[in-house]
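Worksheet for the structure shown next.
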Amino acid sequence: MDKVKANLLKVQQNIEKAAYKSGRKPADIILVAVTKTVESDTIAFTHEQGISNFGENRVQQLKRKMESLPEANWHLIGRLQTNKVKDVVGKVSLIHSLDRWNLAEELNRRGEFLGVKVPTLLQVNISGEEQKAGITAGEAEVFLDSLGQLKNLRIYGFMTMAPWLDNVEEARPIFKELFQLKEKLKHQKHSNVELKYLSMGMSQDYEIAIEEGANIVRVGSAIFSGE
Ligand SMILES: *Cc1c(COP(=O)(O)O)cnc(C)c1O
């Protein structure tokens, strides 16, 4: 666990530097520790180190790990099938991967059934890679407008994934574009839409993402490698 502790310290220092560089406070940035490569003992240790937000990209693993640490905030960061909606609504703190209309409807329906609001981020495919989920930047305005009618949904911002790049600096324009999209759309009219979060940046590029306006970063291997 010594390695995790050292990694975590390094990541937190990097987050601080990037936050100041972008004119913000480190406390404005939420670090989501992505636990897909580790088990509950490591997660418990990380929680003891002061980390309270954890992310999983698969619902099955999320359920299992969430049960081992229910007091933490859990984030679903990967693709959500409509038949798994019941496993996450009312249980997770934030769904980062709302990427299509029928999922939005299903989340809303489940939220209505349980009498809860469902916190989500809209996943936007800025890089345009075909294998990546998400709506396009061009679709975002109309899509958000339609989501306005789903009263048990809450849309708190955008999430994106940059492609894997040899030169991470090439991700910067992608992050910039998502920030600009948020700035453009944040003054719209629906009461269930409040664009306050930008979830962008992973181990390879979280510093660049923060410099470009991210306030949620999803970091796995930079914390847990060598564990
Ligand atoms: C795995 C994963 C991450 C974290 O990736 P690392 O490179 O390990 O930091 C972030 N976001 C999503 C959607 C992931 O699936």
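Just so you know, ligand 1 is whichever comes first in the structure, and atom 1 is the first atom listed for that ligand. Since the model is a prediction, treat every value here as computed from it, not as a measurement.
In this structure a side-chain-to-backbone donor-acceptor pair under 3.5 Å is missing from H190 to Q149. No donor-acceptor pair under 3.5 Å is formed between the side chain of S225 and the backbone N or O of A222. Put simply, the side chain of S199 never gets that close to the backbone of M159: no donor and acceptor are under 3.5 Å apart. With N125 contributing its side chain and T136 its backbone, the two residues share no donor-acceptor pair below 3.5 Å.
Counting heavy atoms under 4.0 Å from ligand 1, residue K36 touches it through the side chain alone. For I77, heavy-atom contacts with ligand 1 shorter than 4.0 Å involve the backbone as well as the side chain.
For ligand 1, the polar-atom distance check against R218 finds a nitrogen or oxygen pair separated by under 3.5 Å. Between V219 and ligand 1, no pair of N/O atoms sits closer than 3.5 Å.
The environment of NZ in K63 is sparse: at most 12 heavy-atom neighbours from other residues, nucleotides or ligands sit within 6.0 Å. More than 12 heavy atoms of other residues, nucleotides or ligands sit less than 6.0 Å from atom NZ of K196.
With ligand atoms numbered from 1 in the order given, ligand 1 contributes 15 (O) to contacts under 4.0 Å with heavy atoms of N57. Of all atoms in ligand 1, numbered sequentially from 1 with element shown, those under 4.0 Å from a heavy atom of M161 are 13 (C).
Considering only non-hydrogen protein atoms, atom 5 (O) of ligand 1 sits nearest to M202 CE, 3.5 Å. Given atom 6 (P) of ligand 1, the protein heavy atom at minimum distance is S203 OG, 3.4 Å. In this structure, atom 8 (O) of ligand 1 lies nearest to the protein heavy atom S221 N, 2.8 Å.
Electrostatic pairing of R172 and E212 counts as a salt bridge here, judged by a charged N lying under 4.0 Å from a carboxylate O.
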